[in-house]
Student: 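Submitted below is the structure of interest, expressed as structure tokens.
Numbers restart at 1 for each chain; the letters A, B, ... are given by sequence-line order, proteins then strands.
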Amino acid sequence: MIDMPSLVDQYCHGVLRTELGLGTFEAQLVRTEGPPAPGTTLFDTQTGFAVRRWCPPLLGLEPHCPPARYLARRRELGVAETARRLLRASGITTYLIDTGLPGDLTGTAELATAGAAEAHEIVRLEQLAQQVADTSGTVECFLANLAESVHGAAAHTVAFTSVAGVRDGTALAPEPPGPGEVRGAAARWLAARRVGDGPSDPVLLGHLLWIAVASGRPLQLHVGLGTPGGSRAQGADPGFLDGFVRATAGLGTDLVLLHGYPDHRHAAHLAGVHPHVYVDSGAALARTGARAATVLEEVLELAPFGKILFSSGAQGLPELHVVGARLFREALGRVLGAWVTEGAWSPKDAQRVAGMIASGNAGRVYGLD
Amino acid sequence: MIDMPSLVDQYCHGVLRTELGLGTFEAQLVRTEGPPAPGTTLFDTQTGFAVRRWCPPLLGLEPHCPPARYLARRRELGVAETARRLLRASGITTYLIDTGLPGDLTGTAELATAGAAEAHEIVRLEQLAQQVADTSGTVECFLANLAESVHGAAAHTVAFTSVAGVRDGTALAPEPPGPGEVRGAAARWLAARRVGDGPSDPVLLGHLLWIAVASGRPLQLHVGLGTPGGSRAQGADPGFLDGFVRATAGLGTDLVLLHGYPDHRHAAHLAGVHPHVYVDSGAALARTGARAATVLEEVLELAPFGKILFSSGAQGLPELHVVGARLFREALGRVLGAWVTEGAWSPKDAQRVAGMIASGNAGRVYGLD
Amino acid sequence: MIDMPSLVDQYCHGVLRTELGLGTFEAQLVRTEGPPAPGTTLFDTQTGFAVRRWCPPLLGLEPHCPPARYLARRRELGVAETARRLLRASGITTYLIDTGLPGDLTGTAELATAGAAEAHEIVRLEQLAQQVADTSGTVECFLANLAESVHGAAAHTVAFTSVAGVRDGTALAPEPPGPGEVRGAAARWLAARRVGDGPSDPVLLGHLLWIAVASGRPLQLHVGLGTPGGSRAQGADPGFLDGFVRATAGLGTDLVLLHGYPDHRHAAHLAGVHPHVYVDSGAALARTGARAATVLEEVLELAPFGKILFSSGAQGLPELHVVGARLFREALGRVLGAWVTEGAWSPKDAQRVAGMIASGNAGRVYGLD
């Protein structure tokens, strides 16, 4: 009923370039700190079932075919051809890519080519700090280079993102840390770190967030349970987040709250109250599978329709881009379609809102085309 | 299937007496701290869509007609006639009105006449304290007048309400602040305040809450995200609330938890455990629009059916009374109707519970007729 | 559509051996700290309506018949015959029973006989500590007997459970309390307690949890609002729980999170991230009645299907075992059936997952034949 437009995926990663066996594939499906329950596999999750539903048909197999059969077909096609077929069938036409993850992942241009789509880079603040630290001699030098580096990146990146910065809520202090504090934290970190180490001190992470805010580019914050290693009790604590949101109001920089789940209703509320706050409605869907429509509906309760964005949150496997996008499109169509059928929304409004959430809002926030 | 009784709106405000343009109307629709996203309006929210669904037909227009057309019709009829038509079509026959808001709003008698309904006043504690402070010379005099004023108001008001008192959770201390503390806080406030300032010190707000509890009238507490300026991390913190609830058990005063969302399941739990706690099921519905039935169902999980009340939470626009009431009636009918169809509830029980939630519980709690 | 297997009830209590009148029956239905709202009864809750739906037909009456009629029929049959009929119709074939509650309740063997089912005992840590304290002369003696007692119980019990230990979140410290601390806490408790008193000191409760973890038997933790006397602000605080979960990873002992509601999505997340964490999906259903399918679906969002268990949480009344089991079976069948109909899941997967959640996972975790 609703004509679903193509998607801007406002937050994802590249895909692995290496061939995968059943075990290595499975390890990419779900973020977990150990093996699945005895007698089960990581396919026995909403994400696993969603992959088995949506992806086999795109490679010429039956939906829900056994994982081993799917992996065999994947190897038969080769990793590049698999990625090409899956990405092009996802419905995503623009990818914003956080390239700050380790591993043999495709970069921006390569993902664009594979997916016959546009792609833009998101700069991960922790990685930027690590690179600057790797090449800076003194504390003064590090801090000057860091500021310059963020400023320089702002000229070409569509957004900054921070993961560790939000994991420890204390980095979300409602004002920038003082110069002395920052110098002390930087000195301690530089003295202790080995090449390749990222920052973890809350003062330093807070400093990073605030220089990113000063750059004017949208800043994506990982909140909720989607953060690897994060816990709801820390970065996701609404208290920390509320203070930071209030403190950054009116500075001209948009904040985009990623993940959110299971506090997505709270994130949606913040997007409703604060002009500079936006909320993601996609990443949680790939993790909740058959429940995607309901999770999306919960975001649609308080978030104004001009403040909602889509992301797949995918990482490593093109299957996750597909699942994120397909679940989202199906959920959005189903939810808005039902509201039209009930008479709660008009067809025209539903169509307009679908376009805003699928791509219009992201185009505006990130200044695409 | 279920015969929906008329409603007691246990918490709302008056409506504006002035003619409104598109911009001034929109500003009343949604509580936000700044403009909507570029290219959108505050109509692009669940509340905005719900207003466009329910109100135009009551003024002779098509549902979902453009906001400008609706506003033109509104001006054509005039603000008084618009209010009359809307309020009389809401299904609300008794309004409990918090008259403590600034602005050119209709008072109790005026709203009753416009809506052809009964209306009773709720006294807002912060406003009472402000009025007493405006006319009291010394700290001793202020505190004596305050106690007398609350006691006096209890004789004619149906309930007390507190907004600021709950915004800062520390006011919800599990015991009344000591006399010395209160005197000190009052002295500091009286020395610093200008005429018209309301109290914000947690000790003073706590004192207000406790003298209201002592009065025996029901006390409405704004919890959750519905509080203007409130954050879930403060007053809505279930920890503060749990302590206050426990401390006020057995004193003979009912507590009514307003809003609640997104912690309405927790509020419903408190209503289930504590004999003196009641929970609102209405105000969140006007904000969540097409999702109203689900939000209502979540309250209906743990809250005993004799503990659930309705409010519109409306303020400024009669459209918000209509939307609150219509969404609630439709949601309640749909939810209970579905349970009857499934065989989970009997038709007779469903009808009885509908009556309790719509008006019976409120009649009992507030001693209406 | 889905063939629902028989259930392992991983957490419940025995049933009362005494005949019950309307008032005494009602008092067992719902855990509350006082009387229901005037003009209502404790039947006016989701649990009450669910009992009236499912139980009368099992005793030859119409569903939803008046409570007084149901109680009359119950007395006519006698308490033993009532229990026999109800339990055998529940669909539960294995009961794991926390025998640590006071009151004239059936024990393990007696419940097994009445229900024509298997039954195993769960040892409640607080009760064990109380029994050891009642018979130990000195602090050293008490601590040595306690360790021996837990170790001894581990040889025959299917699981340990802790209620008070989680009520005060500080007992969930991320490391075992030191020996000096424990000795001090034990000395204070032994000096102050009367025979029959259970432990409430967080250090002592933390010590109990950690010696149970060392035993290797699964440890059931009551989280969320299901704990009598518990509040979300304390034991249910996800922060405390996250720390304890992390600290016990890799020790070889499974943690089972009971209740969870309204934080069941968070509990499900922990089950998804940590190999040793399992989540209950049943006890909240008996309290939310007509909403059972949705609450179950929320658990099914993030929890891997091999990590979800069923319990009735029933206590005192066989009606609560019936309601827990019937609501669960119906909800599971309805939820998985709908996902199959939509094409989100395959019928074969749905059948396999139903078997895992109903009994397979519990069989594996608790080592049942």
Student: Only pairs of heavy atoms separated by less than 4.5 Å count here; which of A:Pro38, A:Ala292, A:Pro35 has the most with chain C?
Tutor: A:Pro38

Student: Can you say whether C:Val365 sits under 4.5 Å from chain A via the side chain, the backbone, both, or neither, judging by heavy atoms?
Tutor: neither

Student: Do C:Trp339 and A:Arg53 make a side-chain contact, defined as non-hydrogen atoms from C-beta onward lying under 4.5 Å apart?
Tutor: no

Student: Could you tell me which non-hydrogen atom of A:Ala37 sits nearest to which non-hydrogen atom of C:Gly306, and how far apart they are?
Tutor: CB-O, 3.5 Å

Student: With a 4.5 angstrom heavy-atom cut-off, which part of C:Trp345 approaches chain A: side chain, backbone, both or neither?
Tutor: both

Student: Between C:Lys307 and A:Thr40, is any pair of side-chain heavy atoms under 4.5 Å apart?
Tutor: no

Student: Which atom names give the shortest non-hydrogen contact between A:Tyr261 and C:Arg265, and what distance separates them?
Tutor: OH-CG, 3.4 Å

Student: Does this structure show an ion pair linking C:Lys348 with A:Glu62, if we count only N-O contacts that are shorter than 4.0 Å?
Tutor: no

Student: May I have the step-by-step check of side-chain contact (heavy atoms from CB on, under 4.5 Å) for A:Thr294 and C:Glu297, ending in yes or no?
Tutor: CA-CA 10 Å; A:Thr294 301; C:Glu297 283 178 308; 5.8 Å; no

Student: Please find the pair of heavy atoms, one from A:Arg287 and one from C:Leu302, that lie closest to each other, and give the distance.
Tutor: O-CD2, 3.8 Å

Student: Indicate yes or no for a side-chain donor-acceptor contact from A:His64 to the backbone of C:Gly343 under 3.5 Å, with no hydrogens or angles considered.
Tutor: yes

Student: For the residue pair A:Gln46 and C:Leu300, what are the closest heavy atoms and their distance?
Tutor: NE2-O, 2.9 Å

Student: Considering only heavy atoms and a distance below 4.5 Å, find which of C:Val353, C:Val273, C:Val335 pairs most often with chain A.
Tutor: C:Val273

Student: I'd like to check A:Glu330 versus C:Glu342 (side-chain heavy atoms, cut-off strictly below 4.5 Å). Are they in contact?
Tutor: no

Student: In the structure I gave you, are the side-chain heavy atoms of C:Phe305 and A:Phe49 within less than 4.5 Å of one another anywhere?
Tutor: yes

Student: Under 4.5 Å, counting heavy-atom pairs only, tell me which of A:Thr288, A:Val30, A:Thr45 racks up the most with chain C.
Tutor: A:Thr45

Student: What part of A:Arg326 gets closer than 4.5 Å to chain C, counting heavy atoms only: side chain, backbone, both or neither?
Tutor: neither

